[in-house]
Amino acid sequence: MLSEPRSGRLAAWGNALLAGLVSPDDAVLEIVGDDAVHRVEGLPGESAPVGLTLALGRLRTLGVNGLRVALPVPGHPLGLSGPPEFNARAMDAEEAVVCHGAAFGLVPEVYEAGPDGDVHVEVVWHVLPVREAPPADVPSLGEAERELAEALRDATEVLSRLDVAGSGPVAEAAIDAYRARAERGREVLAPGYPPRAVRVLELAQRVGLLVSLAYENGHGGAVSSAEMGARAEALRPVERVARRALVAAYNSVVEERERGVR
């Protein structure tokens, strides 16, 4: 979770576009990011993949007025509402976008080619029918913020207790990447999002960073299989909280609109 999910970029900037806060060109530029190109396949009325600009405009005419994020993993269908076919595709990708206002969902399929350092990435978003129902296990921003504060404390305690290394080239590179992203103006949330959503997203990324370092930065002091299992068991709920908070932040614009706040 050191970089924003593609579904997060699509939802955030798609919501800003649907609200008339950014131009189509600016929205597509932010959604594509460092990828080469994004296309959308299976859009009603289109027999072949189309570009993001056309796709977002078509979705609007089909009744879509907001976009939500789902970040499911096995055993935790976070943000999904069915049907099984869509859930299975989203689970494989570990992310999806669910439309609000029309029963469609989009699941990314990523194609990579080229050597390390010069990878060409193309993304195809597959449009599938979804069930119009409340998304699974998505907290409010307030709930997510409280859970994250506890999770950050728990993660720090776990890493200290198990003597997980917090230094070295891998950890330093990860921390530098996180700081660089923060210094770029926190552009992952587009115009129109409440300040609390930005706060929750930043905290979720920080918790995700700690979890990633714990898993990626060697075994530290957890040298026995029992200790390694204990670390994984302790960090699993922390990672779950961070994913729930990411979804809450990206979905906050749609959730507030439903409650009549905005």
Side-chain angles (χ1 to χ4, degrees), residues 1-71 79 86 89-90 93-114 118-130 177 180-194 197-198 201 205 246-247 249-254 257 262:
M1 276 189 288
L2 297 181
S3 61
E4 69 272 24
R6 289 181 173 87
S7 55
R9 294 204 305 262
L10 177 57
W13 290 94
N15 281 329
L17 176 62
L18 291 170
L21 299 175
V22 297
S23 70
D25 288 346
D26 287 343
V28 170
L29 184 65
E30 295 290 347
I31 293 167
V32 172
D34 294 330
D35 298 334
V37 65
H38 284 214
R39 296 185 178 88
V40 180
E41 184 177 81
L43 196 66
E46 298 292 338
S47 59
V50 300
L52 273 177
T53 303
L54 190 155
L56 288 169
R58 178 66 55 79
L59 288 172
R60 188 206 297 266
T61 63
L62 291 169
V64 174
N65 54 35
L67 301 171
R68 288 187 172 110
V69 170
L71 297 178
F86 178 77
R89 293 285 292 269
E94 296 190 353
E95 63 175 312
V97 171
V98 179
C99 298
H100 182 264
F104 301 110
L106 298 92
V107 179
E109 186 171 6
V110 180
Y111 301 89
E112 296 183 352
D118 188 26
V119 178
H120 179 90
V121 179
E122 296 187 6
V123 179
V124 176
W125 293 90
H126 297 276
V127 179
L128 299 165
V130 298
R181 279 178 40 75
E183 290 169 1
R184 288 206 304 270
R186 304 174 182 88
E187 70 274 30
V188 287
L189 279 184
Y193 277 84
V198 177
L201 185 69
Q205 290 173 333
L246 285 176
V247 172
Y250 285 122
N251 294 5
S252 58
V253 167
V254 176
R257 186 183 304 132
R262 301 173 72 83

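Numbering of residues begins at 1 and proceeds along the displayed sequence. Side chains included, hydrogens not; waters and symmetry mates left out as well; all remaining heavy atoms used.
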Rounded distance [0.5 Å steps], [atom1] in [X] versus [atom2] in [Y]:
X	Y	atom1	atom2	answer
L128	E41	CG	CD	9.5 Å
F104	L62	CZ	CG	5.0 Å
R6	W125	CZ	CH2	8.0 Å
R68	H100	CZ	NE2	5.0 Å
L246	Q205	CG	CD	6.5 Å

If I compare all heavy atoms of [X] with all of [Y], which pair ends up nearest, and what's the gap?
X	Y	answer
C99	L67	SG-CD2, 3.8 Å
A96	A90	CB-CB, 3.7 Å
V127	P44	CG1-CD, 4.4 Å
L71	E95	CD2-CB, 3.8 Å
G66	V254	CA-CG2, 3.9 Å
T53	P24	CG2-CB, 4.0 Å

For [X], the option from [options] that meets side-chain contact (heavy atoms from CB on, under 4.5 Å):
X	options	answer
P191	V22, L17, D26	V22
E109	H126, R39, E122	H126
R58	V64, V50, L43	L43

query: Just checking, is any N or O donor in the side chain of Y193 or N15 under 3.5 Å from an acceptor N or O on the other one?
result: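 Distance-only check passes for Y193 and N15.
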query: Does a side-chain heavy-atom distance below 4.5 Å link N65 with L18?
result: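 Contact flag for N65/L18 side chains = no.
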message: I'd like to know if E30 pairs up with R9 as an ion pair, taking the criterion as any Lys NZ or Arg NE/NH1/NH2 lying under 4.0 Å from an Asp or Glu carboxylate oxygen.
response: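 Between R9 and E30 there is no salt bridge, as every charged N stays at least 4.0 Å from the carboxylate O atoms.
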message: Test side chain to side chain contact (heavy atoms under 4.5 Å, CB included) on L52 and V40; report intermediate values, then the result.
response: CA-CA 6 Å; L52 273 177; V40 180; 3.9 Å; yes
message: Between W13 and V28, is the side chain to side chain contact (heavy atoms under 4.5 Å, CB included) condition met? List the steps.
response: CA-CA 8 Å; W13 290 94; V28 170; over 6 Å; no
